[in-house]
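Presented below is the structure to which this report refers.
Please read all numbers here as calculations on a predicted model, not as lab measurements. All ligand and atom numbering here is 1-based and tracks the order in the structure.
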Amino acid sequence: MAFVTQEQISQYHKDGFLALEGFFTSEECDAMRNQIQKIIAGMDVPPHCRTEFSTKHEEQLQDQGSAEYFLTSGDKIRFFFEKGVFDDKALHAYDVVFKQMTHAPKVQALARKLGIENPVVVQSMYIFKQPHIGGEVTPHQDATFLHTEPLGRVVGIWIALEDATEENGCLWFLPGSHTSGITRRMARTTPGTIPCTQFIGSEREYDSSRFIPVPIGKGGLILIHGEVVHKSEANCSETSRHVYTFHLMEAKDTIWSEDNW
Ligand SMILES: O=C(O)CCC(=O)C(=O)O
């Protein structure tokens, strides 16, 4: 695959992330954006589906309906919302167009370049990050939520469907932070108990001055190592920052934790 060099792959292993500009075409991005519009048009959101996703400890789901909706979302099309969004329209979805993009030959070639022998898609999301509404995503490691034994088997594929800038909430990374393991896990609690998930351990304190912004143009793809610390700021700008993202796991010689949501 010409567009990812061995130097770039080495950089990914060194930093824990890699930005690849122009991985998807503008037309492919528009196809995903148009498809999400079709899915959300006219969608009714029943109360028990009004579930907001948060990486914060104190904001885990407290009622049974929302808890079940979240816990059973791994292999279904499910919708999660920004905080305070219910006077607006924002949803995320997954369907045939997204499957086509997820399994595109160039994505498969990228996975091979990363040395993944038996890739499995374990999760996918469409993130709207709407103007003024898109909230911050606090510093975290994806392995907190997608735990495997051993660690180091999960990679996020994050695709900018619009330009992602510092103003509208691009990703920020702590370069090299993927080599120190994790200190926090989100695990299911005993079935039937509320909340349905709990954090075991706590997130480290991070020096915010060490994060670097990684703005990227429409069609750009960012590889996110499962243990690299990353975040995004609230979108206080006038422009949206749509993203389609999914996680690949190397299934070979890997145990997917049964405690994962
Ligand atoms: O897109 C964002 O703002 C955050 C995404 C993220 O943290 C993730 O996919 O792990």
* Check: S232 side chain, C170 main-chain N or O, donor-acceptor pair, under 3.5 Å -> no
* Asked: Ignoring hydrogens and geometry, is there a side-chain-to-backbone donor-acceptor pair from D15 to G176 under 3.5 Å?
  -> no
* Is N34 reaching over with its side chain to a backbone N or O of D30, donor-acceptor style, under 3.5 angstrom? -> yes
* Asked: Please walk me through it: do K106 and E28 pass salt bridge (Lys or Arg N to Asp or Glu O under 4.0 Å)?
  -> CA-CA 13 Å; K106 57 190 169 188; E28 287 170 324; 2.8 Å; yes
Between ligand 1 and the protein, which N/O pairs are shorter than 3.5 Å?
from	atom 1	to	atom 2	distance (Å)
ligand 1	1 (O)	W158	NE1	3.0
ligand 1	1 (O)	R241	NH1	3.3
ligand 1	1 (O)	R241	NH2	2.8
ligand 1	3 (O)	S232	OG	2.6
ligand 1	3 (O)	R241	NH1	3.0
ligand 1	3 (O)	R241	NH2	3.4
ligand 1	7 (O)	H140	NE2	3.1
ligand 1	7 (O)	H230	NE2	3.2
ligand 1	10 (O)	H140	NE2	3.4
ligand 1	10 (O)	D142	OD1	2.8
ligand 1	10 (O)	D142	OD2	3.2
ligand 1	10 (O)	H230	NE2	2.9

* Give a yes or no answer on whether the side chain of E136 reaches the backbone of A234 with a donor-acceptor pair at less than 3.5 Å. => no
* To do: Give the C-alpha distance, both sets of side-chain angles, the deciding distance and a yes or no for side chain to side chain donor-acceptor pair (under 3.5 Å) between E238 and H132.
  => CA-CA 7 Å; E238 300 295 327; H132 305 296; 3.3 Å; yes
